[in-house]
Amino acid sequence: PVKCTFHKDNGPSMGSEDIYILVKSEEAQKWQKAPNSVPLVDVVESFQVWRDHSGQPDKLSVNDMERILGYSKMEDAIQNNMSTTVKCTFHKDNGPSAGSDDVYILVKSEEAQKWQQAPNSVPLVDVVESFQVWKDHSGQPDKLSAEDMERILGYSKMEDAIKKNFAIWKT
């Protein structure tokens with residue numbers, strides 16, 4: 001199974017929340033290209049939304065699910081959010097001795113497609129889930145530092161790193 005992550009930015013004073021579902025990779029990719037082309041029961045490992053609490057998986061309560069995703073019914077929460085948020089990755093090969101870097105942003109699928117066809121046709125704030133670049137660290141999402149962002153993407157300012165490189169991000 002693969003984690004399909006949803007990130008909600010609650011503003012500077014409230015922080016952010018990352019929750020996830022476990023999906024079957026191939027089926028999830030089919031779903032994201034054509035929602036409802038595959039029965040949802042074949043896409044998800046289980047109808048459960050998770051978050052990490054002190055490094056351990058923790059089931060999300062119905063109240064938290066409704067607060068974060070806007071739905072209290074598990075199937076609706078998964079179905080309506082899985083097709084809208086997509087992970088866009090950027091891969092940088094640093095040569096044979098240095099390894100490579102893989103980072104990602106979370107975007108709204110439909111808006112991202114519009115942006116890639118006609119940059120600046122949609123405000124970037126409507127395209128990204130949050131102005132944050134992520135990397136996986138020990139299987140968990142981790143915010144990219146300004147130094148790593150400069151080294152990998154060529155910019156230390158978040159908006160520039162996303163905007164100037166968006167054309168080469170891969171969904």
Side-chain angles (χ1 to χ4, degrees), residues 1-10 15-92 99-117 122 124-144 148 152-153 162 165-171:
V2 175
K3 281 185 182 179
C4 183
T5 305
F6 178 84
H7 175 81
K8 181 177 182 186
D9 191 348
N10 297 315
S16 62
E17 296 175 273
D18 294 304
I19 59 174
Y20 60 93
I21 58 173
L22 296 174
V23 298
K24 300 167 189 161
S25 182
E26 279 185 37
E27 302 304 317
Q29 288 175 0
K30 291 176 191 173
W31 174 279
Q32 286 185 327
K33 289 178 182 166
N36 300 318
S37 62
V38 179
L40 193 56
V41 69
D42 293 340
V43 176
V44 297
E45 280 293 314
S46 69
F47 281 92
Q48 185 59 55
V49 180
W50 302 88
R51 70 172 148 207
D52 287 322
H53 180 71
S54 301
Q56 297 297 318
D58 186 31
K59 291 181 182 178
L60 202 64
S61 72
V62 172
N63 289 339
D64 282 344
M65 186 172 56
E66 187 167 21
R67 180 180 55 77
I68 297 168
L69 297 172
Y71 298 92
S72 58
K73 188 176 169 197
M74 185 71 62
E75 188 171 346
D76 291 341
I78 292 171
Q79 186 168 351
N80 290 306
N81 286 286
M82 194 170 125
S83 60
T84 59
T85 303
V86 198
K87 185 189 249 189
C88 287
T89 59
F90 179 86
H91 175 81
K92 181 180 180 190
S100 61
D101 290 297
D102 291 295
V103 297
Y104 63 93
I105 58 175
L106 298 172
V107 299
K108 299 166 189 153
S109 179
E110 205 171 295
E111 309 314 336
Q113 289 174 359
K114 290 176 190 173
W115 176 281
Q116 286 183 324
Q117 291 171 355
V122 177
L124 193 57
V125 69
D126 293 339
V127 176
V128 297
E129 277 295 325
S130 68
F131 280 92
Q132 186 60 55
V133 180
W134 303 88
K135 65 180 175 180
D136 283 329
H137 179 72
S138 301
Q140 300 299 317
D142 193 19
K143 293 179 181 179
L144 199 64
D148 282 345
I152 298 167
L153 298 170
I162 293 172
N165 289 292
F166 196 80
I168 53 178
W169 293 86
K170 304 286 184 222
T171 56

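- Shown here are the side chain to side chain contact (heavy atoms under 4.5 Å, CB included) partners of E45, two or more places apart in sequence or in another chain: P1, L22, K24.
- To the nearest 0.5 angstrom, K59 atom NZ is 12.5 Å from M65 atom CE.
- In terms of heavy atoms, L40 sits closest to F47 at CD2-CE2, 3.7 Å.
- Taking D101 as the reference, N94, R151 meet the side-chain hydrogen bond (donor to acceptor under 3.5 Å, both in side chains) condition, with sequence neighbours excluded.
- Separating the CD atom in Q56 from the CH2 atom in W50 is a distance of 11.0 Å, to the nearest 0.5 Å.
- Listed by chain and residue number, S16, Q132, W134 satisfy the side chain to side chain contact (heavy atoms under 4.5 Å, CB included) test with K143 (two or more places apart in sequence, or in another chain).
- Of the inter-residue distances, the one linking D102 atom CG with I152 atom CD1 reads 9.0 Å to the nearest 0.5 angstrom.
- Note that CE of M74 is 9.5 Å distant from CG of L69, once rounded to the nearest 0.5 Å.
- Atom NZ of K92 has more than 12 neighbouring heavy atoms from other residues, nucleotides or ligands inside a 6.0 Å radius.
- For the atom pair L60 CG and I21 CD1, the distance stands at 12.0 Å (nearest 0.5 Å).
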